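Predicted, not measured: the structure shown is a model, and the values here were computed from it. When reading the values below, keep in mind they use all heavy atoms of this one structure, side chains included, and skip hydrogens, waters and symmetry mates.
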Amino acid sequence: MNTQTSSNSPDIYSILSQTQRLRVSDGEIKPILDGCTHTSKLLILIWSQLGDFDNLEYAWWLQREKEQIEARGITIRAIGIGDRNSGIKFCKYTGFPQECLFVDANTEIHRLLGLYRGLSIQFPLLSSSQKAWLNLLLMCAGIGSPGTLKEVFRGYTGDKKAPQLIADEEVVKGTPLPPIKGSFFKAAGGKGFQRPFELATLRLRNMTEVLSNWNIYVPDSSYLTQRGGTFLFDVQGKLIYEHRDRSILGFAESMSNPLSFLYE
């Protein structure tokens, strides 16, 4: 388990307990831990740009395992980079609750928690947005983003360690391709595990959604490379698990089953 052990690490719970951000549900500035005092476990997600494919995929997993999470009494709060419009759009697409999502326009919380800024080569004569784009493209190629290419390929080749992602009767729409029925993947690779092209199809749907609404999801592209983190606390506010993202498509310790840490 990826847990905090360094005595030099910041007091994460203390920082979060003093943090206020704009809440997507009502547009008000509120403490992000508002309403979190009586919970068995508290899951705090510090997300990158809300248009980042990592976050849409993370929210998909949360929605998929919503019943198990609620049964275990786990409360979730998330902070993503963006504004209220991007937050509303994100929640509408993913099903993530608006009352649980806060937005940070300038990555202040990421800096306070010491999260990875991503590749930050300073190309001369370029604007901050242009630099971010170039650094992002390099990260997509695996530079300053370990494991990204391997994770991309896993989406195409399949993963027998991961669960089946698309039910046989489910129809995947919203991609440039014709609607795809889940049984197609059964014919291509079997059932009961992540089949070839299954995850890649879900990622294509996310990509289509974001690129079709880019200016809403990403109001400021200066922070494209910023990575996020996952922090799980017990009822006393003690940190019992953390994962600090070091790459694109690296939002979990186990990408085969990103939420497995909740059940350990």
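In the hydrophobic cluster analysis, where Ile, Leu, Val, Met, Phe, Trp and Tyr join through side-chain heavy atoms closer than 4.5 angstrom, Leu113 is grouped together with Leu239. At a threshold of 4.5 Å between side-chain heavy atoms, the hydrophobic network of Ile, Leu, Val, Met, Phe, Trp and Tyr places Leu259 and Met255 in one connected group. Two different hydrophobic clusters hold Leu202 and Val171 under the rule that ILVMFWY side chains link at heavy-atom gaps under 4.5 Å. One hydrophobic cluster holds both Phe197 and Leu177 under the rule that ILVMFWY side chains link at heavy-atom gaps under 4.5 Å. There is a path of hydrophobic side-chain contacts, each under 4.5 Å, that joins Val152 to Leu211.
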Could you please spell out the steps behind the side-chain contact (heavy atoms from CB on, under 4.5 Å) verdict for Met207 and Thr175?
CA-CA 8 Å; Met207 182 177 70; Thr175 77; over 6 Å; no
Starting from the C-alpha separation in whole Å, work towards a yes-or-no answer on side-chain contact (heavy atoms from CB on, under 4.5 Å) for Ile81 and His110.
CA-CA 9 Å; Ile81 304 171; His110 300 72; 3.5 Å; yes
Assess the residue pair Lys41 and Ile240 against the criterion (side-chain contact (heavy atoms from CB on, under 4.5 Å)); give the C-alpha distance rounded to whole Å, side-chain angles, the decisive distance to 0.1 Å, and a yes or no.
CA-CA 9 Å; Lys41 289 183 180 178; Ile240 55 178; 4.1 Å; yes
Determine, step by step, whether Glu57 and Leu249 satisfy the side-chain contact (heavy atoms from CB on, under 4.5 Å) criterion, reporting the C-alpha distance in whole Å, the side-chain angles of both residues, the deciding distance to 0.1 Å, and the verdict.
CA-CA 9 Å; Glu57 193 167 318; Leu249 295 180; 4.1 Å; yes
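Between the side chain of Gln98 and the main chain of Cys91, no donor-acceptor pair closer than 3.5 Å is present. Checked by atom type and distance alone, the side chain of Arg154 never pairs as donor or acceptor with a backbone atom of Leu199 at under 3.5 Å. Using a distance-only test at 3.5 Å, with no hydrogens or angles considered, a donor-acceptor pair links the side chain of Ser40 to the main chain of Arg72. Thr148 places a side-chain N or O within donor-acceptor distance of the main-chain N or O of Ser145, the cut-off being under 3.5 Å. The main-chain N or O of Val24 is found under 3.5 Å from a side-chain atom of Arg84 such that the two form a donor-acceptor pair. In this structure, the side chain of Glu198 engages the main chain of Leu165 through a donor-acceptor pair within 3.5 Å. In this structure, the side chain of Ser48 does not engage the main chain of Thr225 through any donor-acceptor pair within 3.5 Å.
Within the model, atoms CD of Gln49 and CG of Asp104 stand 10.5 Å from one another, a figure rounded to the nearest 0.5 Å. Rounded to the nearest 0.5 angstrom, Tyr217 OH and Phe90 CZ are separated by 7.5 Å. Atom CD1 of Ile15 sits about 13.0 Å away from atom OH of Tyr13, to the nearest 0.5 Å. Distance OG1/Thr201 to OH/Tyr156: 8.5 Å, rounded to 0.5 Å. The line from OG of Ser256 to NZ of Lys160 is 13.5 Å long, rounded to the nearest 0.5 Å. Rounding to the nearest 0.5 angstrom, the gap separating the CD1 atom in Ile74 from the CD atom in Gln68 is 9.5 Å.
Using a 4.0 Å cut-off between charged nitrogen and carboxylate oxygen, Lys181 and Glu169 count as a salt-bridge pair. Between Glu108 and Arg111 there is no salt bridge, since no side-chain nitrogen of the basic residue lies less than 4.0 Å from a carboxylate oxygen of the acidic one.
The minimum heavy-atom distance between Leu56 and Val210, with the atom names listed, is CD2-CG2, 3.7 Å. Across every non-hydrogen atom of Val218 and Gly51, the tightest pair is CG2-CA, 4.2 Å. For the residue pair Cys36 and Thr75, the shortest heavy atom distance occurs at SG-CG2, 3.9 Å. Nearest heavy atom pair, residue Glu242 against residue Ile12, reads OE1-CD1, 3.7 Å. Taking each heavy atom of Asn257 and Glu65 in turn, the nearest pair found is OD1-OE2, 3.7 Å. Shortest non-hydrogen contact noted between Gly190 and Arg195 is O-NH1, 2.6 Å.
By the neighbour-count criterion of 12 heavy atoms within 6.0 Å, atom CZ of Phe184 is sparsely surrounded, having that number or fewer from other residues, nucleotides or ligands. Atom CZ of Phe153 has 12 or fewer neighbouring heavy atoms from other residues, nucleotides or ligands inside a 6.0 Å radius.
Aromatic rings of Phe251 and Trp61 (six-membered ring for Trp) have centroids beyond the 6.0 Å cut-off, not under it.
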Taking only distance into account, with no hydrogens and no angle test, what donor-acceptor pairs under 3.5 Å do side-chain atoms of residues 26-35 form with protein atoms, sequence neighbours excluded?
residue	atom	partner	partner atom	Å
Asp26	OD1	Arg23	NE	3.4
Asp26	OD1	Glu28	N	3.0
Asp26	OD2	Arg23	NE	3.3
Asp26	OD2	Arg23	NH2	2.6

Taking distance alone, no hydrogens or angles, what donor-acceptor pairs closer than 3.5 Å link side-chain atoms of residues 114-125 to residues at least two apart or in another chain?
residue	atom	partner	partner atom	Å
Tyr116	OH	Gly144	O	2.7
Gln122	OE1	Lys131	NZ	3.2
Gln122	NE2	Ser120	O	3.2

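Side-chain atoms of Leu16 and Ile109, non-hydrogen and from C-beta on, do get closer than 4.5 Å to each other. Glu151 places none of its side-chain heavy atoms less than 4.5 Å from the side chain of Ser247. Two residues are said to be in side-chain contact when any heavy atoms from C-beta on lie closer than 4.5 Å; Thr94 and Leu62 fail this criterion. In this structure, Lys186 and Gln164 have side chains that are not in contact, with every pair of non-hydrogen atoms separated by 4.5 Å or more. Two residues are said to be in side-chain contact when any heavy atoms from C-beta on lie closer than 4.5 Å; Glu253 and Tyr241 meet this criterion. For the pair Phe261 and Thr230, the minimum side-chain heavy-atom distance is below 4.5 Å.
The one candidate from Ser127, Ser128, Ser129 that meets the side-chain hydrogen bond (donor to acceptor under 3.5 Å, both in side chains) condition with Ser222 is Ser128. The only option from Phe102, Tyr58, Trp47, Trp60 that meets the ring-ring contact (aromatic ring centres under 6.0 Å, His included) definition with Phe96 turns out to be Trp47.
There is no side-chain donor-acceptor pair under 3.5 Å between Tyr223 and Asn106.
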